[in-house]
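Heavy-atom basis, side chains included; hydrogens, waters and symmetry copies ignored. Counting starts at 1 for both ligands and their atoms, following the listed order. Just so you know, these numbers come straight off a predicted model, no measurement behind them. Residues: numbered from 1 along the sequence shown.
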Amino acid sequence: MLLSKLFTKTTKESASDSSSINADLLTRAGFVHKTMAGVYSYLPLGYRVLRKIEQVVREEMDTIGSEMFMPAISPIENWKKTGRDQSVSVLFSVSGANDASKKLNDSSYILNATHEDVITPIFQHFVSSYKDLPCAAYQIQSKFRNEARPKSGILRGREFRMKDLYSFHVSEEDQVHYLHAIAKPAYTRVFDRLGLGDRTVIALASGGEFTKEPSVEFQTKCDNGEDLIFYDSKSDMYYNKEIVPCKAPKWGDPNEEERPREDVVGEGIIGVEELAAFLKVDKQSTTKTLLYESDDGRFFAATVRGGYDVNEEKLCAVAGCDSIKLASVAKVKEVTGADVGYAGPIGLPKDVVVYWDDSTQGRKNFECGANKTNEHSININFGRDVDEPKEFYDIKVGRDGDINPSTGEPYEVCRASEVGNLFSLGTRFSEGFGFTFTDQDGKNKPVYMGSYGLGTSRVMGVIAEISHDEHGLIWPENIAPAQVHIVPIAKTTDDEAYTEAMKLYEGMQKKGIECLFDDRIDGSVGARLADADLIGVPKRIVVSPKTLEKGGVEVKIRSTGKEEILALDAVLGDKKK
Ligand code: ATP
Ligand code: MG
């Protein structure tokens, strides 16, 4: 590939409004272009990398399923079968963009965020007997999600690339076996081959409300990753922050003298940070109280210390229900007498159970909502203003610093990026679609499903985050946009350095070695060498009068910086050198 023919250019400017390393480097090196927030175009060099990553994924997935390709849009009716048209919060829809288009067809469609709702009816069409199962298929496709604030470059896109595989089984046992014994090892091979094996760990995560099986996340440790993972040294396992069993570190002085309770007016102040600043108290002395309605018609409250979030799955387990949702504005008003944002655990109707998280335990003079619009109670104390709870629970999302209950020590916590997620879906989709098979006993039974995602564009971003230095990107050999980057240092194309470099380039092309050739001899040498570092191809070869004088060309390994002069023949003769 001749650099002069590449329409992209490197630039000193980083991606606008982006603070992430991957967006910055990939933009400056001309690999991606931000089309809008969370939506990137993959330019020739970037697309080569993405395709190579996807090829590794494809080769491994071919060992466990068949590749297919599904549409990017689907009928809303499919999503209604499982209620996901309403429950998937990131779902986009598309419809005619103008009157003329709407006149042609005024339907709306779902822009697929994932493909369970598309693949289930396809398999339903072909699978009818236990003899057809198990089976699995995958695709590599663009996905669309209405992500709130995509700020992490290609780590989180509103449009992004994903490999998604789906498997179909006669029983949950068979699906769980497939997940652990077949899909998991295939994922491990992918991350090993992408050079991420050492940094990628398996973390247990929420399985969702339709199965008791936790989901399995592949998390790559990475400073800019959006997830926190917790290492349990006792079981040698990682958990994600949603399901990690944890205890909050104690906060406050248990011997502090009790101050008189006060109700303070703080109009419109509901956020924890804002409230703590307004009351001039530590955030940890505030209390977040949320009111929930459960699927079995109960209504209860959950409290956590300021700075923590309630984990709804843990809360469900504690309350003994299958699902919960935040109480409606009207219900909150009816029960607390106040607008949303001012609920507190004191003075609620007797039948409203309050689940206290352990993070609220042992505090003196704490704050909580006063159950009056705009009012907050301060200097609340257990035993005096509210009965000391008989039991404190773990109903929170884990935070850095939390204690592992099985060791009594703080967890080792690290940032990571979720590169893959393996799910047991139970019969959620087959029941929604009425997808059954005839079992050996002649009975009709629902099919068990699993889905297995792997974010190929996120993986590219993670590699850029991990593998770079102050000069630019450092691509592993098997996914680099090219293996060699040749820079002739010459004044004209007739100079020996140029003609020798061209010979080398042509020779390499003949051997099938992918090569970038910097034929832009009018640029400054420094800038061209800096470009080579920024683009990050594994080997840079400089051909100059000086190197020719020394008997060859200068080969520099991008990852180690090691330089050596090698004869042209030697460079050409050995692909691996
Ligand atoms: P996250 O928790 O990061 O939002 P998710 O759990 O919603 O991701 P899944 O539905 O499990 O995502 O998707 C499978 C994989 O697709 C993820 O493991 C991740 O690698 C990738 N992925 C998900 N959302 C995005 C996104 N917005 N941009 C890029 N990759 C994504
Ligand atoms: Mg996930």
Give me the nearest non-hydrogen protein atom to [atom] as residue plus atom name, then the distance to 0.1 Å.
atom	answer
atom 12 (O) of ligand 1	R145 NH1, 3.2 Å
atom 16 (O) of ligand 1	M162 CE, 3.6 Å
atom 30 (N) of ligand 1	F160 CD1, 3.3 Å

If we only consider heavy atoms of T114, is any one of them less than 4.0 Å away from an atom in ligand 1?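 Flag not set, T114 not near ligand 1.
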
Non-hydrogen atoms of V90 versus ligand 1: any pair closer than 4.0 Å?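 Contact check V90 vs ligand 1: negative.
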
So how far is it from L165 CG to Y187 OH, rounded to the nearest 0.5 Å?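 If I round to the nearest 0.5 Å, the distance is 6.5 Å.
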
Would you compute the distance between atom OG1 of T220 and atom CZ of R199 and round it to the nearest 0.5 angstrom?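 These two atoms lie 8.5 Å from each other.
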
Side chain, backbone, both or neither: [X] near ligand 1, heavy atoms under 4.0 Å:
X	answer
E217	neither
E147	side chain
V459	neither
E418	both

Is the shortest distance from a Lys or Arg side-chain nitrogen in [X] or [Y] to a carboxylate oxygen in the other one below 4.0 Å?
X	Y	value
R415	E465	no
K396	D402	no
E54	R161	yes

Under 2.8 Å from the Mg ion (ligand 2) - does any N, O or S atom of S215 fall there?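 Coordinating: no.
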
What about [X]: any of its N or O atoms under 3.5 Å from an N or O on ligand 1?
X	answer
G453	no
N421	yes
G455	yes

Hey, looking at atom 1 (P) of ligand 1, which of K143, R156, M460, E226 has the closest heavy atom?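 Comparing heavy atoms across K143, R156, M460, E226, the nearest one to atom 1 (P) of ligand 1 lies in R156.
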
Distance-only donor-acceptor check, side chains T287 and T303, under 3.5 Å: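 Absent: no donor and acceptor within the cut-off.
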
Taking atom types as modelled, find out whether E217 and Y238 have a side-chain donor-acceptor pair closer than 3.5 angstrom.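 No donor-acceptor contact under 3.5 Å links the two side chains.
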
Which of the atoms of ligand 1 are close to G157, meaning less than 4.0 Å from one of its heavy atoms?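 Within the 4.0 Å cut-off of G157, ligand 1 contributes 26 (C), 27 (N), 28 (N), 29 (C).
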
Tell me which N, O or S atom from E418 is the closest to the Mg ion (ligand 2).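 Looking only at N, O and S atoms of E418, the one nearest the Mg ion (ligand 2) is named OE2.
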
Does the N311 side chain pair with the main chain of E242, one donor and one acceptor, at a distance under 3.5 Å?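 At least one qualifying donor-acceptor pair exists.
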
On a heavy-atom basis, which atom in N478 and which in V56 lie closest, and how many Å separate them?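 So the minimum-distance heavy-atom pair works out to ND2-CG2, 4.4 Å.
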
Could you label the plane-to-plane angle of the F168 and F435 rings as parallel, tilted or perpendicular, counting under 30° as parallel and over 60° as perpendicular?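 The arrangement is tilted - the two ring planes meet at 30° to 60°.
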
